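What follows is a set of notes on a single structure, which appears directly below.
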2 protein chains.
Amino acid sequence: MTTTAHTQQPPVLKVGLLGAGTVGSQVAHVLLTRADELALRTGVQLQLSGIAVRDTAAPRDVALPAELLTTDADAVIDGADVVVELTGGIDPTRARVLRALNAGKSVITGNKALLAEHGRELQDAAAATGAQLSYEAAVAGAIPIVRPMRDSLAGDRVERFLGIMNGTTNFVLDQMDTTGAAFDAALAEAQELGYAEADPTADVAGHDAAAKTAVLASLAFHSSYTIDDVHCEGIRSVTAEDMAAAREAGYVIKLLSVGERCADGVNLRVGPVMIPREHVLGGVRGAYNAVFVTAAAAGSLMFYGQGAGGEPTASAVLGDLVSAARAIALGAQGIPLADYAALPAVSMDEVSTKLAVTLAVTDRLGVLAQLAQVFADHGVSISTMQQSEDPRTTGTSMLRLVTHTGRHADLMATVEALRGLPVVRDVVSVTPVETGE
Amino acid sequence: MTTTAHTQQPPVLKVGLLGAGTVGSQVAHVLLTRADELALRTGVQLQLSGIAVRDTAAPRDVALPAELLTTDADAVIDGADVVVELTGGIDPTRARVLRALNAGKSVITGNKALLAEHGRELQDAAAATGAQLSYEAAVAGAIPIVRPMRDSLAGDRVERFLGIMNGTTNFVLDQMDTTGAAFDAALAEAQELGYAEADPTADVAGHDAAAKTAVLASLAFHSSYTIDDVHCEGIRSVTAEDMAAAREAGYVIKLLSVGERCADGVNLRVGPVMIPREHVLGGVRGAYNAVFVTAAAAGSLMFYGQGAGGEPTASAVLGDLVSAARAIALGAQGIPLADYAALPAVSMDEVSTKLAVTLAVTDRLGVLAQLAQVFADHGVSISTMQQSEDPRTTGTSMLRLVTHTGRHADLMATVEALRGLPVVRDVVSVTPVETGE
């Protein structure tokens, strides 16, 4: 590699690709068909030098040159100047990414699971050799959020982010909200339309969003977090009744990724949350993703776009690749990401939240006084309360309460105490409320 | 400067600041009070080495050390490693920025007017010495849009952007929309609240948005545009009646910056446009800004946040400064921005648009047939039409038409022909419609 971007014959940068699935084959396609345009943008000729796949004869979305395909991933890494990893999974991917970084080769990856478990190890390996580790595609697909968080907000202080970072669950919840469908029906439709996998667990249980939350929080708060630091709840328990009640109150339920500074560190959580319908996040429909960031100086920012899909994700990978190529052409090393802040991940208990609680209660005089006493005993105050008949049983009322902001542990203890009251027949639902302010 | 980010004593990077107004004094304040944190982020010690001001004794938002203040801008530039330009205006700022770039010193600026007139000259000067020219603060204030456009979408192809890039006009239009106020009343309120200047011309006439449009389009389309390439209309002609009619039809009127590829190049325009209320841009309220980008692979993206204000804009400047410092610490040159695409700016005539037209017409039989004939003669078809009584005059109807998409010149010729019909008493308003799809 020479180090000028203005030679007549641009220097060649060999790109090794690991994986040729939906995203990988799209990346390969662009490298093979738009090489000249990319050379103008980067000052280097990006040459696809090898593609590691599990089965060279498998059918693919895009026809790829047979001579580039191999099952020998190490050979692809060793023959490349920069490596694009799109195989997914932890092993053997981790060893391969380390092999590249240890050799000083920059790596672009979309592997949120790997980053959410071994991010620190990979960052350290990159820093040791001056290689770059880029992963725009790992968080919120095509949306440029990793780079703005790392670079644009580098002179600011991120206080909190609220993210809708899983398209499958947003599609399901949006369907429930707009059609009144039950969870199972909405999920079945999402599967039929290709928005949900046959086994939707990773999405529906919040694991995918939790991995992204750990990756984004590590950048936002200059610390290292893993998926185990993220308190995680899925959306299976969200009912059509919850949705309808939220709608009536001017809210919508979203699977929200939250990372926020609190007294003793940072709290990271994923779960269904009621947000005001008129909040900009409330308007994120279908399979779209968005990340709402609050920073000390910049104030409120939101980044919105497609969170998944072959082409959108390939766009994010190519953006990283072009940046890495430019940096290599200009002789720059990667930016080492230090976790100098080392803010600990703190449990939910100490976090300030507010809850919407729906109770089925015996329909008789004095019930409200009993309930109010439980709240008072726990130092939790009630913001709004609404009573209606329980359509399911006679002699029972449905009570919808929203608390004021309080310590999460106190709020949950209140709910447990309510559950123990003889007049409370059922705690129908408990949903955190986020005003986004 | 040494080139490692991991020495015990970080190398010192001297920062020269030109201008100490609202944004400048905020930047100075952060550099003076948070130097250690910034050193951890960048690997270099950012040392404010001088502040050039017009009057060293003038009162300021933030107290600044007297020994750093000087009226000698050239001395500040010559004594610095990197220059932050926040004085605004074209002259003598242009010469100062060139002085820094010619000496190989990276420059961070928020000066959209300068970039929109002399951007190419400054880019060339930066490229010649390997200096960086950064200007995140010049477009949409705190919103990271310049960097995503330059880096994250570098492997993609931007087809179009729709931007709400002027907070003053968005505030005024939002007030008109929500309160039904007339333009003058809404502007007066904006002035009272500090959202509009005493002389609001630059905002209200669209000049500020047009400069930002030229800067953003140059990045998006890999070409060089000036403000003269932007077709520009202001919002003074938007009436309370236009607003009400738009609302009734499910639309809202925004001052929109549009950059889009068309057959022979790129069309750049700024003006009041009707957009669907449920579009994500329709939810951008108050003084907030947003840029909605459509790219070939990434699909739809939106960037949202505060477009102005001392602290938000300072956040963008500091993000640029931290990036420049990291790059310098790592021995990287700036990324030269080539306008290799050199797509010409094409006039409005050839652009495809659709128009909402309100006509006051004589209330008698056969009028609709006459109007329809004029549309047919110009090859323009009508999408929707609505007739109502004109509350202002008896014997007159108000006719609201929305055309199908057509060549802009044909649409405007149709309007002119309508104006010439004896039955048309007045062309009350003509507003482009943008569906955002």
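Keep in mind that this is a model prediction, so the values were computed, not measured.
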I'd like to know which of B:M302, B:E311, B:E278 tops the heavy-atom pair count under 4.5 Å against chain A. B:M302
For A:V322 against B:A154, the heavy-atom pair lying closest together: CG1-CB, 3.4 Å
For the atom pair CD1 (B:I145) and OG (A:S152), what is the distance rounded to the nearest 0.5 Å? 10.0 Å
Heavy atoms only, distances under 4.5 angstrom: which of B:V317, B:V280, B:D156 has the most pairs with chain A? Name it, please. B:D156
Kindly check if the number of other-residue, nucleotide or ligand heavy atoms within 6.0 Å of CZ (B:F171) is above 12? yes
In short, A:R150 meets B:R326 closest at the heavy-atom pair O-NH1, 3.3 Å
Would you list the pairs meeting ring-ring contact (aromatic ring centres under 6.0 Å, His included) in which at least one residue belongs to residues 280-299 of chain B, sequence neighbours left out? B:H279-B:F292, B:Y288-B:Y304
Out of B:G283, B:S300, B:G282, return the one with the most heavy atom pairs under 4.5 angstrom to chain A. B:S300
Heavy-atom closest contact (B:L301 atom, A:I143 atom, distance): CD2-CA, 3.9 Å
Answer key: most heavy-atom pairs under 4.5 Å with chain A among B:G305, B:G319, B:A142, B:A298 is B:A298
For the side-chain contact (heavy atoms from CB on, under 4.5 Å) test, which of A:P148, A:P144, A:S323 pairs with B:D151? A:S323
What part of B:A290 lies closer than 4.5 angstrom to a heavy atom of chain A: side chain, backbone, both or neither? neither
Contacting moiety of A:R285, where chain B heavy atoms sit under 4.5 Å: neither
Applying a strict 4.5 Å limit to non-hydrogen atoms, the region of A:L38 in contact with chain B is side chain
Segment of B:E136 engaging chain A (4.5 angstrom heavy-atom cut-off): side chain
So, taking the atom named CZ in A:R157 and the one named CZ in B:R34, what distance separates them when rounded to the nearest 0.5 Å? 8.0 Å
